[in-house]
**Student:** 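Dropping a structure here in structure tokens format, bear with me for questions.
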Amino acid sequence: MNDIARRVKRSFLEKFGGEPVLISSPGRVNLIGEHTDYNEGFVLPGATDRAIILALAPREDDSCRFYACDFNQDFSTSLDHLKKSDLHWPDYLQGVLKVFLETGYRIRGLDVAFGGNVPIGGGMSSSAAIEGGLAFALNYLFNLGLDRLILARLARQAENDFVGVKCGIMDMFANLYGQPEKVMKIDCRSLEYEFFPFEQEDIRIVISDSRVRRELASSEYNLRRQQCEAGVSLLKHYYPEIKSLRDVSLSRLVAHQTEFVPVVFKRCVYVIKENQRVEQACQDLLQQDLVSFGQRMYESHSGLRDEYEVSCPELDLLVESASRVPGVYGSRLMGAGFGGCTISLVRAPAVKLFEERVSADYRQATGKDPAIHVVRIEAGTRVI
Ligand code: GLA
């Protein structure tokens, strides 16, 4: 048991008493394939060694008592009073409970203490770690017999319907399906997935958290989704078989360019190209060609900045600064954007220089230090 698990368990015992089950639920990285999941495209994520630990015990009644160790905040409710809270964090737990109840699964109240080292709002999907972790826990505690795919879907539904962010399935899928030293290419239409080796002997995944948090992130995210849907509806007039941008080739899109609102056109171009980049990046991994892989990461970032417009000056600066460090293969913003973090692939001996240079550049331009985390690809949600 690591220090965080010990701390969370101790908090649970102080708050609630009894013997909890401990669950480790990781944050994710995504090597490439951003804003493609809700367009039924491809993504390439993995679970990490940064995790939320949940300590839980079922109750005999319908009360729910939560304690967030990292904020030192309590929240109490009951299964028939689940509604959004001004504290926000309880919504990730409440949302999952609500979705389980509405789907008809038999659960009771529970006591939960949780805490971890996934940067909150930092682009590594701390929210999906809580949701996926609780979905996994409910299945375990109440013997529901659900497979991980159902759990991922329920966790996503909690985020979509209760929290209100219309996210895709990538985060929960990575959280629940992760394997050590492997990334997964997920086909977000069929939900078929394939693991690709990602050995971490000579290479490190470095997350640079800009510490920028934008309130507008969720509304802008939902707007991007609508813009993609607008693109699909336009093309559907000509090609009724099209269901999502996944079905559209660049040449088809370009053939109708003049009919598009320019901003919608740009969004569609990005998504179509990003899907192609994921497919090519998987080939790069098979051929162990990290130089080419890294190049696609830079291209992905440029697309996110110029076509999808979800970057911000701080993230652009982090990527630019990373690109100047010898030993960096590639770098891009990761996650939804509008703040949060970048992901860089760095040769192991170059990590120290990376930290020094990128921190110095960032400090000089913004007056702030980025938070830099070196993470490993690890197993998905599990009981510890
Ligand atoms: C967030 C969402 C994911 C995905 C990414 C962008 O992390 O939760 O579903 O859409 O943004 O790739």
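First listed ligand is number 1; within each ligand, the first listed atom is number 1. This structure is a prediction, so every number in the text was calculated from the model and none was measured.
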**Student:** Heavy atom of Arg28 under 4.0 Å from ligand 1?
**Tutor:**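 Flag set, Arg28 near ligand 1.
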**Student:** May I ask you to identify the nearest protein heavy atom to atom 9 (O) of ligand 1, giving residue, atom name and distance to one decimal place in Å?
**Tutor:**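 Protein heavy atom with the smallest distance to atom 9 (O) of ligand 1: Asp37 OD2, 2.5 Å.
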**Student:** Considering only the protein, which heavy-atom contact is closest to atom 8 (O) of ligand 1, and what is its distance?
**Tutor:**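 Of the protein heavy atoms, Asp171 OD2, 2.6 Å lies nearest.
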**Student:** Rounded to the nearest 0.5 Å, how far does OH of Tyr329 lie from CD of Gln295?
**Tutor:**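 The OH atom of Tyr329 is 13.0 Å from CD of Gln295, to the nearest 0.5 Å.
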**Student:** Between Glu34 and ligand 1, does any nitrogen or oxygen pair lie at a separation below 3.5 Å?
**Tutor:**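 Yes; at least one N/O pair falls below 3.5 Å.
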**Student:** Do Tyr177 and Tyr193 have ring centres separated by under 6.0 Å?
**Tutor:**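 Close enough - the centres of the two rings lie under 6.0 Å apart.
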**Student:** I would like to know whether Asp161 and Lys98 meet salt bridge (charged side-chain N to carboxylate O under 4.0 Å, His left out); could you show each step before the answer?
**Tutor:** CA-CA 10 Å; Asp161 299 350; Lys98 184 138 193 168; over 6 Å; no
**Student:** Within ligand 1, which atoms have a heavy atom of Gly335 less than 4.0 Å away?
**Tutor:**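 Numbered from 1, ligand 1 contributes 6 (C), 11 (O).
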**Student:** Among protein heavy atoms, which lies nearest atom 10 (O) of ligand 1, and at what distance?
**Tutor:**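 Ranked first by proximity to atom 10 (O) of ligand 1 is Tyr221 OH, 2.5 Å.
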**Student:** Answer yes or no: is there an ion pair linking Glu159 with Lys166, defined by an N-O contact shorter than 4.0 Å?
**Tutor:**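 The answer is no: the pair does not qualify as a salt bridge.
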**Student:** Decide whether an N or O pair under 3.5 Å exists between Gly168 and ligand 1.
**Tutor:**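 Yes, Gly168 has an N/O under 3.5 Å of an N/O on ligand 1.
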**Student:** For the side chain to side chain contact (heavy atoms under 4.5 Å, CB included) test, which of Ile242, Asn39, Asp247 pairs with Val232?
**Tutor:**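 Result: among Ile242, Asn39, Asp247, Ile242 is the only option passing the side chain to side chain contact (heavy atoms under 4.5 Å, CB included) with Val232.
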**Student:** One thing to verify: whether Glu356 and Lys352 come together as a salt bridge, which I'm taking to mean a side-chain N less than 4.0 angstrom from a carboxylate O.
**Tutor:**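 A salt bridge is present here (some side-chain N lies under 4.0 Å from a carboxylate O).
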**Student:** Between Phe142 and Tyr105, is the gap from one ring center to the other below 6.0 Å?
**Tutor:**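 No: the rings miss the under 6.0 Å criterion.
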**Student:** I need the atoms of ligand 1 closer than 4.0 Å to a non-hydrogen atom of Tyr38, numbered in the order shown.
**Tutor:**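 So the atoms of ligand 1 that pass are 10 (O).
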**Student:** Just which atoms of ligand 1 are under 4.0 Å from any heavy atom in Met170?
**Tutor:**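 Selected atoms, number and element: 4 (C), 5 (C), 12 (O).
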